[in-house]
Each structure stands twice: as structure tokens, then as C-alpha cells.
Amino acid sequence: GVLVKGGIFIEAPAHLKALAFDKTGTLTAGEPRVVGVIPLNGHSEDELIERAAALETASTHPLARAIVAAAADRGTDFTPADDMQMLPGKGVTVAVLDTGFELSHESLQDVEVAGTWDFINGDANVGSRPGDDVFQTLYGTAALSILAGYSSSNLIGSAYGVTVLLAKTEDLKSETPAEEDNWIAAAEWAEEPGADIICSGLGYYEWYEFADMDGYTAAITVAAEMATARGVCVVNGVGSQRANPDWPHILPPSDGRGVIAVGGVDINNQVIWSSSPGPTADGRIKPDVLAMGSGHPAAVNRLGDLYN
């Protein structure tokens with residue numbers, strides 16, 4: 001599932017004056033624990049904890065570890081279940097809106113693709129094509145591999161196993177409002193078949209003023225907010241404009257209240273030199289969260305099975 005489905009929920013605690021917790025063990029000890037076992041339909045507590053521990057013993061999830069620990073504390077003997085499979089990402093559909101994608105890369109060949117559309121050229125080919133900028137699919141391929149790629153000795157995506165919808169919306173040979181329109185059309189296209197998450201690293205500022213970064217004005221932000229209102233989790237990079245003297249700000253749609261705006265840090269948890277800074281024009285804190293923005297292996301397009 002998705003733990004946090006919008007930036008507005010991350011921002012809301014900043015306005016709280018009091019907070020009551022009912023998760024003492026988790027907060028004070030830093031780890032969950034089993035505090036009660038309630039069997040049903042004539043089963044005993046020992047039977048329930050035995051079966052649960054047998055299923056969870058191979059999992060690395062904190063809740064699974066808590067169940068196994070509870071069985072050990074009770075002295076419950078159990079035999080680990082056979083033929084267990086962990087299916088990360090299963091059942092979640094992520095729409096990736098970017099520059100294009102080279103699915104022939106080894107780390108992407110097993111990605112489950114539910115649909116593709118090139119909003120620049122109006123067809124289903126989201127890869128490279130004659131006349132494209134030489135770097136056209138570079139960014140999209142890299143982003144997709146970090147999200148959903150899998151190569152056991154090179155790269156394991158943070159959500160490998162998800163189903164993806166791939167939209168090619170950004171034309172590297174230009175920077176026009178048409179590309180913003182492409183993003184909006186792609187978001188609508190992705191929402192219709194049931195995308196749970198829209199993931200994008202795109203944004204546009206050339207035809208806006210900073211005052212427009214208020215969460216209400218930019219067309220792309222309005223579209224992103226409409227998607228979040230329909231239950232889609234929209235995650236967008238804040239941009240790489242920190243050193244841009246003409247626009248040292250975040251990019252829309254990251255100014256949206258419901259959008260989870262993501263900045264970049266390095267391996268030492270220091271904000272990287274290019275990650276766009278907040279706040280929004282109306283003073284809200286952005287980005288909402290930070291993630292690794294450098295030093296992360298990523299698939300390289302058009303160069304065989306190489307990584308950068």
C-alpha cells in the first residue's frame with residue numbers, strides 16, 4: 001500500500017499545537033511488537049501465532065519480524081513455510097511521466113508494462129526514434145530503473161515488481177507550454193485505468209512568475225491537484241534549479257498542496273548542489289521529503305547494459 005498519499009498530509013503537522021500518541025511501544029522502542037493475539041473460529045492463540053510466524057519468518061518487514069519475535073518469546077515452535085515468495089510492488093500501478101524509456105536494458109526487461117503512450121508524437125512508441133535528441137530517453141530510462149529496475153548484481157529498484165504505465169511527455173529539443181499540456185494529458189490518461197501513483201521528475205517555469213508557485217496557479221499544478229483529489233498519489237521532483245540565478249526555486253507541480261515534492265541528498269544526507277529549494281510563493285515548506293539524488297546506480301540508454 002501507500003503510507004502517505006499526498007504532500008498535504010506531510011505539511012499538516014506543522015500547524016498542530018498538540019499531538020497524542022497511542023503507539024507507545026513503537027515510538028519509545030523504535031520497533032513494533034505484538035501486544036495481543038485474538039484467534040477466531042475455535043483456534044487457539046498458540047495455533048494462530050505458530051501459523052503467522054511460519055508465514056512471516058522469511059520476510060524482512062518490521063511487522064513480520066515482530067510476529068516471529070513474539071513466537072520466540074512465547075516458546076512457540078514452528079516450521080517455516082515452504083515455497084514462500086515475496087512479491088514486492090505487486091498490485092501497485094505507477095505511471096511514470098518522463099522523456100522516454102529504453103526497455104531493452106537488462107534491468108528493465110522484466111518490468112510489467114500495462115500501457116505506453118508518446119504524447120509528443122501520438123503513438124505507443126516511448127523509446128528513441130529518428131530525429132530525437134541523443135539524450136531523449138536518458139532521464140526516463142534512468143528514473144524507471146531506479147524505481148522498478150532489477151539486476152541482482154547492479155541495481156535493485158526501490159519498488160521493483162510494480163506495474164507501470166509509461167508516458168513520454170518531455171521533448172528535449174524544446175521547452176514550450178505544449179510539454180506542460182502533454183504532462184496534463186498523461187496524468188489524465190494514467191488515472192483512467194487506475195494508476196495508484198504518478199511519478200515524475202518534470203516541471204516548467206519559463207512562462208510563470210515565482211508568485212505563481214502558490215499551489216493554485218500553474219496549469220500542471222492544478223492538474224496534479226485534481227489527480228490527488230481522485231485518490232492518486234502524485235510524487236514529483238522539485239527540480240534542479242538551485243544554482244539557476246533566474247529561477248532558484250522549486251518547479252511546479254511541486255508547489256501543489258497534495259503533491260509529494262521530493263528533493264535530493266547525497267550519501268551523507270547533505271542536500272545536493274542542484275536540488276531546487278523551497279519555500280512556495282505563499283510560504284509553505286517544500287520539498288516535503290528528500291531521497292538519494294546522487295551516487296545511485298541507474299540504467300544508461302543506448303549503451304547496452306551499462307549503468308551510471
Side-chain angles (χ1 to χ4, degrees), residues 94-149 151 154-155 157 163-193 195 198-208 218-221 223-224 234-241 244 246-247 251-254 274 276 293 296-308:
V94 180
V96 185
L97 282 52
D98 219 300
T99 61
F101 314 90
E102 296 295 344
L103 297 177
S104 60
H105 193 278
E106 65 165 9
S107 68
L108 302 177
Q109 291 183 12
D110 293 329
V111 175
E112 183 178 341
V113 180
T116 62
W117 196 254
D118 181 341
F119 287 84
I120 303 168
N121 297 288
D123 58 34
N125 176 16
V126 293
S128 299
R129 63 177 72 216
D132 274 353
D133 185 284
V134 66
F135 297 115
Q136 179 65 50
T137 57
L138 176 67
Y139 304 104
T141 301
L144 179 61
S145 70
I146 292 171
L147 171 74
S151 174
N154 296 297
L155 177 150
T163 299
V164 297
L165 295 162
L166 302 179
K168 182 178 179 180
T169 66
E170 169 77 359
D171 187 349
L172 291 187
K173 294 188 298 182
S174 67
E175 196 74 356
T176 68
E179 293 163 280
E180 184 178 32
D181 293 342
N182 290 342
W183 194 102
I184 295 168
E188 185 175 2
W189 167 81
E191 190 273 337
E192 184 176 1
I198 291 175
C199 178
S200 169
L202 304 174
Y204 305 95
Y205 71 90
E206 285 84 350
W207 42 92
Y208 290 114
I220 192 173
T221 302
V234 180
V235 183
N236 210 90
V238 292
S240 55
Q241 307 299 317
N244 182 350
D246 298 322
W247 187 276
L251 298 178
S254 293
S274 59
S276 296
H296 195 299
V300 178
N301 70 324
R302 290 191 174 185
L303 292 175
D305 297 326
L306 299 182
Y307 297 85
N308 183 13

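Quantities reported herein were computed from a predicted structural model and do not represent experimental measurements.
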S.K.: Taking only residues two or more places apart in sequence, or in another chain, which ones meet E112 in a side chain to side chain contact (heavy atoms under 4.5 Å, CB included)?
M.R.: K90, T163
S.K.: My understanding is that only one of V111, L155, V300, N308 makes a side-chain contact (heavy atoms from CB on, under 4.5 Å) with S145; could you say which?
M.R.: L155
S.K.: How many angstroms lie between CZ in R129 and CG in N121, if you round to the nearest 0.5 Å?
M.R.: 4.0 Å
S.K.: Does the side chain of D98 come within less than 4.5 Å of L144's, by heavy atoms?
M.R.: no
S.K.: Which residues pass the side chain to side chain contact (heavy atoms under 4.5 Å, CB included) test with I220, sequence neighbours left out?
M.R.: E180, W183, Y204, A218, P252, P253
S.K.: Could you report the tightest heavy-atom contact between T137 and F101, atom names first, then the distance?
M.R.: CG2-N, 3.8 Å
S.K.: Give the C-alpha distance, both sets of side-chain angles, the deciding distance and a yes or no for side-chain contact (heavy atoms from CB on, under 4.5 Å) between L138 and D133.
M.R.: CA-CA 10 Å; L138 176 67; D133 185 284; over 6 Å; no
S.K.: I would like to know whether D132 and K168 meet side-chain contact (heavy atoms from CB on, under 4.5 Å); could you show each step before the answer?
M.R.: CA-CA 12 Å; D132 274 353; K168 182 178 179 180; 3.1 Å; yes
S.K.: Which atoms form the tightest heavy-atom contact between D171 and Q136, and what is the distance?
M.R.: OD1-OE1, 3.8 Å
S.K.: Any idea which heavy atoms bring A224 and V234 closest together, and the distance?
M.R.: O-CG2, 3.8 Å
S.K.: What verdict does the side-chain contact (heavy atoms from CB on, under 4.5 Å) test give for N125 and D118, after you've listed the backbone C-alpha separation in whole Å, the side-chain angles of each residue and the deciding distance to 0.1 Å?
M.R.: CA-CA 6 Å; N125 176 16; D118 181 341; 5.5 Å; no
S.K.: Do F135 and T99 touch side chain to side chain, with heavy atoms closer than 4.5 Å?
M.R.: no
S.K.: So which heavy atom on G149 is nearest to which on L108, and how close?
M.R.: CA-CD2, 4.0 Å
S.K.: Do the side chain of E188 and the main chain of A185 share a donor and acceptor less than 3.5 angstrom apart?
M.R.: no
S.K.: Can you confirm whether I120 sits close enough to K173 that some side-chain heavy atom of one is under 4.5 Å from a side-chain heavy atom of the other?
M.R.: no
S.K.: So do the side chains of N154 and E106 get within less than 4.5 Å of each other, counting heavy atoms only?
M.R.: yes
S.K.: Where do F119 and N182 come nearest, in terms of heavy atoms and distance?
M.R.: O-OD1, 3.3 Å
S.K.: Crowded around D110 CG? As in, over 12 foreign heavy atoms under 6.0 Å?
M.R.: no
S.K.: I need the minimum non-hydrogen distance between V94 and C199, along with the two atoms involved.
M.R.: CG1-CB, 3.9 Å
S.K.: So, S128 versus E102: side-chain donor-acceptor pair below 3.5 Å or not?
M.R.: yes
S.K.: How many angstroms lie between atom CG of L166 and atom CG of L97, to the nearest 0.5 angstrom?
M.R.: 9.5 Å
S.K.: Using distance alone, with no hydrogens and no angle criterion, decide if Y205 and E175 have a side-chain donor and acceptor under 3.5 Å apart.
M.R.: no
S.K.: Would you check if the side chain of T116 reaches a backbone N or O of A124 as a donor-acceptor pair within less than 3.5 Å?
M.R.: yes
S.K.: Atom CD of residue position E206 - does it have more than 12 heavy atoms of other residues, nucleotides or ligands inside 6.0 Å?
M.R.: yes
